[in-house]
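Remarks on the structure that follows.
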Amino acid sequence: MEDEPLADAYEAGSRSSAPPVDAATGTALRFLAASIGARSVVEIGTGCGVSGIWLLRGMAPDGILTTVDTNAAYQDYARSAYSRAGFGPGRARLIRGTALDVLPRLTDGGYDLVFVDADAVSYPLYMDEALRLLRRGGMAVFNGAMVASSEPDGPLRVPDPRETAVREVIRRVREGEEFIPMLMPVGEGLLAAIHQEPGRR
């Protein structure tokens, strides 16, 4: 699956401060997008375009990826990577800015899938935005879901804010009625959750 455009994106990503998802995670993203016939996807964390290519390959042929990042150089590279992977300029909308500034401007209930691969400390806030952005039957996917340590917090271990945030998101999707969750043990862990009508469990 790692053809030349994807391999180039992997190489660029490995040299950046935004490491790309691994091939197993990418394959899972492609599968998840295809499984719900995703036509409109939001990605938080463009990086050098690796996860975007995987998502686009799973999306409907006329689907549009909206991807958000603060780094203009990464987005310029990602735009080129999408083109070299065979996706025309109309298939991806790249927005530069912080996700918490950009996401509130996107359409309520207008998206099939929201993929989050960014600052883990903000994951609970991204979960709030995903609930608003997703249509019923849409899917939220969080990368790095296995970052939380199994070692309990205590007097000899200061809680890691990233781990605390990831645990909070996992707790919400497990205990709430808005999602049907699944934790996938690929890469750093993918937490996938289908957005449903409350009370359907």
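What you are looking at is a predicted structure, and each value in this text was computed from that prediction instead of being measured. Values below: every heavy atom of this structure, side chains too, minus hydrogens, waters and symmetry copies.
- A salt bridge links D3 with R57: the closest approach of a Lys/Arg side-chain nitrogen to an acidic carboxylate oxygen falls below 4.0 angstrom.
- Judged by distance alone, the side chain of D112 and the main-chain N or O of V41 form no donor-acceptor pair under 3.5 Å.
- Ionic pairing of R96 and D76 is not present here: no N-O contact between side-chain nitrogen and carboxylate oxygen is shorter than 4.0 angstrom.
- Under the 4.5 Å side-chain heavy-atom criterion for grouping Ile, Leu, Val, Met, Phe, Trp and Tyr, V121 is not connected to V169 through any hydrophobic cluster.
- Counting only heavy atoms from C-beta outward, the side chains of Y111 and L106 approach each other to under 4.5 Å.
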Given E175 and I170, is the side chain to side chain contact (heavy atoms under 4.5 Å, CB included) satisfied, shown in steps?
-> CA-CA 9 Å; E175 297 179 4; I170 292 172; over 6 Å; no
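- Between V173 and F142 there is no side-chain heavy-atom pair separated by less than 4.5 Å.
- The pair D108-R132 meets the salt-bridge criterion, since a charged nitrogen lies less than 4.0 angstrom from a carboxylate oxygen.
- In plain terms, the two heavy atoms of A9 and C48 that are nearest each other are CB-O, 3.9 Å.
- Q196 places no side-chain N or O within donor-acceptor distance of the main-chain N or O of I180, the cut-off being under 3.5 Å.
- Between the side chains of S80 and R84, at least one donor N or O lies within less than 3.5 Å of an accepting N or O.
- Side-chain contact check for F179 versus M139: every heavy-atom pair is 4.5 Å or farther apart.
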Let me see the working for S51 and L29 under side chain to side chain contact (heavy atoms under 4.5 Å, CB included), right down to the final yes or no.
-> CA-CA 8 Å; S51 51; L29 290 174; 4.0 Å; yes
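- Shown here for L55 and A33, the closest heavy-atom pair between the two residues is O-CB, 4.0 Å.
- With N143 as the partner, the side chain to side chain contact (heavy atoms under 4.5 Å, CB included) test is satisfied by one option alone out of L190, V116, I44, L191: L190.
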Under the side chain to side chain contact (heavy atoms under 4.5 Å, CB included) criterion, do T25 and W54 qualify, and how do the steps go?
-> CA-CA 9 Å; T25 302; W54 284 111; over 6 Å; no
Evaluate the side chain to side chain contact (heavy atoms under 4.5 Å, CB included) criterion for residues E43 and L65: first the C-alpha distance (whole Å), next the side-chain angles of each, then the deciding distance (0.1 Å), finally the verdict.
-> CA-CA 7 Å; E43 176 187 43; L65 172 70; 4.0 Å; yes
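- Linking Ile, Leu, Val, Met, Phe, Trp and Tyr whenever their side-chain heavy atoms come within less than 4.5 Å puts M59 and F87 in one cluster.
- For the pair A99 and P104, the tightest heavy-atom approach, listed with the atom from each and the gap, is O-CD, 4.0 Å.
- Hydrophobic clustering of Ile, Leu, Val, Met, Phe, Trp and Tyr side chains at less than 4.5 Å, counting indirect connections, unites Y126 with L133.
- Annotation: side chain of L113 is in contact with side chain of I36 (closest heavy-atom distance under 4.5 Å).
- Residues I64 and Y82 fall into different hydrophobic clusters, defined by Ile, Leu, Val, Met, Phe, Trp and Tyr side chains chained together at heavy-atom separations under 4.5 Å.
- Contact between P185 and M146 at its shortest, heavy atoms only, is CA-SD, 3.8 Å.
- Remark: the Y77 side chain and the S16 side chain contain no N/O donor-acceptor pair separated by less than 3.5 Å.
- Between the side chains of R135 and H195, no donor N or O sits under 3.5 Å from an acceptor N or O.
- Between T46 and Q75, the shortest heavy-atom distance links the atoms OG1-NE2, 3.1 Å.
- A 4.5 Å side-chain heavy-atom check between T67 and R93 finds every atom pair outside the cut-off.
- In this structure, CD on E11 lies 10.5 Å from CD on E4, to the nearest 0.5 angstrom.
- Annotation for R91: atom CZ counts as buried by contact number, over 12 foreign heavy atoms lying within 6.0 Å.
- Annotation for T70 and G97: closest pair CG2-O, 3.5 Å, computed over non-hydrogen atoms.
- Summarising the geometry, atom CD belonging to E129 is positioned 7.0 Å from atom CG belonging to L100; distances are rounded to the nearest 0.5 Å.
- Cluster annotation: V186 is connected to F115 through the hydrophobic network of ILVMFWY side chains, with a link wherever side-chain heavy atoms come within less than 4.5 Å.
- Of the possible polar contacts, one joining the Y10 side chain to the V21 backbone as a donor-acceptor pair under 3.5 Å is found.
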